[in-house]
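Remarks on the structure that follows.
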Amino acid sequence: MTENDPSQPQTSAIPTPGLSAPAVGAQDPRLVSRRWLFFQAALAINALVGVGLAIPVIRYLLAPWRKDSSYKSWVSLGRIEAFPTGETRLAVFKNPFTRPMDGITDNVACYVRHVASDQFQVFAVNCAHLGCPVRWFPQSQLFMCPCHGGVYYADGSRASGPPERGLFTYDWKIVSGELQIFAGQTPTLSNSAKLVNISIGEGESPCRG
Amino acid sequence: MPRIKRTQRIYDWFERRLQLEGPIKDAALHPVPRETASWWYVFGSGAFTLFLFQVVTGILLAILYVPSAGEAWNSLNMLNHQIPLGWYIRALHGWGSNFMVAIVFIHMTQVFLFGAYKYPRELTWIFGVFLLIATLGMAFTGQVLRFDQDAYWGLGIGISMVSRVPLIGGGLVHLLLGGPIMAGATMARFFDLHVFVIPGLLFGFAGLHIWMVLKLGINEWPMPGRIVRRSTYVEEYNRLAHEDGIAFIPGAFWKDLAFSAAMVAAVALCAWLFGPSGPGGPPDPAIIQTNPKPDFPFLWIFSILAYLPPALETPVILVAPVLAILGLLAVPLVAGEGEKSWRRRPVAVLAVAFIAVGWGEFTQLGTTTPWSPHMDAWSSDPIPVRYLRTATPLVREGANVFQEKQCRNCHAIGGLGGQRGPALDDVATRMTRDQLRFKVVTGGGNMPAFGKNLSAPEIQALVAFLSTLHPANERPAYTPSRPYLTNSPPQAPHPSGSGNSF
């Protein structure tokens, strides 16, 4: 070590406080207990300040954890004439819950199926397996997923592949000639699918987030 | 010479205050067993070098990269196309990541096969497992920061998996996303993870990991029959290190240095030759013509998810990772003593071989994704002309239906088309007309039922086409009893009849 180095005669001459302090303390029990008292009091104060600060920090971190309904609202997809009867069309809307830095990512796509005069089905594009965007093929009346080959029929029910249920659906209503859906968050098995739906395994049940 | 004296004085001034010479000399000159100066022992330091390389290239990227959902994609394209050599820095960071993941796995395999996790290095291994997880965390969050379609939908796969957690799944998804959808807040938190949180953990874990390597000594070369026992190991190791040892520097370390340099050179070369990956299409959720795929460290997971039966999906997604991590953590606690040499540990060798083969196979499948329909096959892959040369109008119409109804997306003909279902080039040799009709109408076994989507004439044409799909020299399947049912004289189809000619 450095002691052996002749060019540095003084290296270890300065006693390091970390080494000598416990030795002094050990000789004086009275001092020790007082110091320890202060030490523990200081620790306690730190713990108190820490806990006090942790509460707002944790609340800040958990802020996004909200009820699904607080993110959702009714969004218009436009006039119902845009969706011809008997056809399934892709519709794009702005997510009702946005932030300034979202850019294009607050676009959301969904499929609107106009079943009959005032009967609609609105599907999320997200595959019920792992959320990839399914594609609609009007010729064969199938939705196909590019990721793992999930396939759905025109009514959204599962046709084949790994999904355990049909496509997620949005609640919809018609307000003065416009088709509105209740949307606002990415549908996943945890928010759009009640367990009941999974056991039925069909896509007919509306999503009541 | 006064010059040297002055340098010495300056050195002393600093050393007097820093007092680093002692610990550094200790670390550099500590004796290690002679055979550890081996090329097998270079991967750990290699991984650390790559980590530092990633930190540096990452800082360089952050000069211009904009971590915002609205701007990230544009800033990547700017780096690629407008900033001189911006593409190269991106490529360095991307290839550095690939190399780092690979080297970390190689290091882990080597350490496992050499029994280096045994007493007293159990905790070194455990921190190594944390380092592995953190490295994969960097790879995943980095993939998200390359904010293109793959990144967007890849993260979608991630949150779909998280959403399967019982009870709190929805809340966890909100926390991960920072809101209800993948958007601005999501990007910000993944930047936070990738740039501050996980690198911080990596520095901490790597520091402790390396500290323990210095304190406990480099694992000696495993000799068959040299058994690790808690009571005697330390003494035996010290004898090896001191009596037949060499100083760590330069004896062993020169190989680490050389390997690190070679690897950085390889990264630089790959980056130069192959360039950066992406960004692909813009992360616009309204563009659904996309074919998302994760980066190579996660392809195997992507593949496994394609093959799990629906009922097993959630349990496997949620339980398997936990078991895998616990299993890795438990290795040194369960097998902390005993034989180190791979020559006497067949189970360990088999386990490594099994995992390597499985990993390789699933990764390979992940690159070809045979389970995915080919979305454009129906409109882009033609039916080979030779299949239609002798075709009747009905058969031709059937071929039309076959294309038009997207059968081709899942079924290859003439080597083109999807591989979701079997290739149908010789389907007529194994299925009769009745069976073909039944299969088309009712589906089953991952084949959708087409009964509702096809008219009766379409089905008839389709079946007529399918039943011509057999080699000219092989007769198609037929039901011997059918002619009797329809009261016409029995007539086995002749091989050369309607078959196509290969």
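A, B, ... follow the sequence lines: proteins, then strands. Residue 1 opens every chain. Quick caveat: nothing in here was measured; it's all calculated off a predicted structure.
Counting heavy-atom pairs closer than 4.5 Å to chain B, the top-ranked of the candidates A:P133, A:P64, A:S160 is A:P133. Ranked by heavy-atom pairs under 4.5 Å with chain B, the list A:L62, A:L142, A:N107 is led by A:N107. Comparing B:S68, B:G444, B:A449 by how many heavy-atom pairs each has under 4.5 Å with chain A, the most go to B:A449. In terms of heavy-atom pairs under 4.5 Å with chain A, the best-connected choice from B:G170, B:G169, B:G179 is B:G179. When each of B:H374, B:Q289, B:M187 is checked for heavy-atom pairs under 4.5 Å with chain A, B:Q289 comes out on top. Here B:S163 is the residue among B:G70, B:A69, B:S163, B:S160 with the most heavy-atom pairs under 4.5 Å with chain A. In terms of non-hydrogen atom pairs under 4.5 Å with chain B, the most contact-rich of A:G103, A:C145, A:P146 is A:P146. The candidate from B:N291, B:L175, B:L176 with the greatest count of non-hydrogen atom pairs under 4.5 Å with chain A is B:L175. Top candidate by heavy-atom pairs under 4.5 Å with chain B, chosen from A:G131, A:P100, A:G149, is A:G149. If you tally non-hydrogen atom pairs under 4.5 Å between each of B:G156, B:A72, B:P292, B:A188 and chain A, the highest count goes to B:P292.
Of the two parts of A:A154, neither the backbone nor the side chain holds a non-hydrogen atom closer than 4.5 Å to a non-hydrogen atom of chain B. At a 4.5 Å heavy-atom cutoff, the contact between B:M182 and chain A is made by backbone atoms alone. Residue A:P138: no heavy atom, backbone or side chain, is found under 4.5 Å from chain B. Heavy atoms of A:F93 lying under 4.5 Å from chain B are absent altogether. Contact annotation for B:L454: neither backbone nor side-chain heavy atoms come within less than 4.5 Å of a heavy atom of chain A. Heavy atoms closer than 4.5 Å to chain A are found in both the backbone and the side chain of B:I168. Heavy atoms closer than 4.5 Å to chain A are found in the backbone of B:M447, but not in its side chain. With a 4.5 Å cut-off on non-hydrogen atoms, A:C110 does not touch chain B at all. Contact of B:W378 with chain A is made through the side chain alone, with heavy-atom distances under 4.5 Å. Neither the backbone nor the side chain of B:E71 comes within contact range of chain A; no heavy atoms are under 4.5 Å apart.
Here CG of A:L130 is found 5.5 Å from CD1 of B:I317. Values are rounded to the nearest 0.5 Å. Taken to the nearest 0.5 Å, the CD1 atom of B:I157 stands 8.5 Å off from the NE2 atom of A:H129. To the nearest 0.5 angstrom, A:L61 atom CG is 7.5 Å from B:R189 atom CZ. Taking CG of B:D284 as the start and CG of A:D106 as the end, the distance is 9.5 Å to the nearest 0.5 Å. Within the model, atoms CH2 of B:W153 and SG of A:C127 stand 10.5 Å from one another, a figure rounded to the nearest 0.5 Å. With values rounded to the nearest 0.5 angstrom, B:T186 atom OG1 is found 8.0 Å from A:R99 atom CZ.
When the shell of 6.0 Å around NZ of A:K94 is examined, it contains more than 12 heavy atoms from other residues, nucleotides or ligands. Counting heavy atoms of neighbouring residues, nucleotides and ligands inside a 6.0 Å radius, atom OH of B:Y307 exceeds 12 of them. Remark: B:R17 CZ is packed, more than 12 non-hydrogen atoms of other residues, nucleotides or ligands lying under 6.0 Å away.
Nearest heavy atom pair, residue A:A109 against residue B:I288, reads CB-CG2, 4.3 Å. Scanning all heavy atoms of the two residues, the minimum distance from B:A286 to A:L90 falls at O-CD2, 4.2 Å. Taking all atoms of both residues into account, the shortest heavy-atom contact from A:I104 to B:P282 is CD1-CB, 4.2 Å.
Distance alone, capped at 3.5 Å, is enough to place a donor-acceptor pair between the B:N446 side chain and the A:G161 backbone. Between the side chain of A:T105 and the backbone N or O of B:A183, no donor-acceptor pair lies under 3.5 Å. When atom types are taken as modelled, the side chain of B:S372 and the backbone of A:C147 share a donor-acceptor pair closer than 3.5 angstrom. Of the possible polar contacts, one joining the B:N453 side chain to the A:S140 backbone as a donor-acceptor pair under 3.5 Å is found. Here the side chain of A:R135 pairs a donor or acceptor atom with the backbone of B:T290 at under 3.5 angstrom.
Contacts between residues 400-411 of chain B and chain A, counted as heavy-atom pairs separated by less than 4.5 Å, involve B:E404, B:K405, B:Q406, B:N409.
B:H174 and A:Y71 have perpendicular rings, their planes meeting at more than 60° on a 0 to 90° scale where under 30° would count as parallel.
When each of A:T98, A:N95, A:T186 is paired with B:P180, the side chain to side chain contact (heavy atoms under 4.5 Å, CB included) condition holds for A:N95 and for no other.
Residues B:M375 and A:F137 form a side-chain contact, since some pair of their non-hydrogen atoms from C-beta on lies under 4.5 Å apart.
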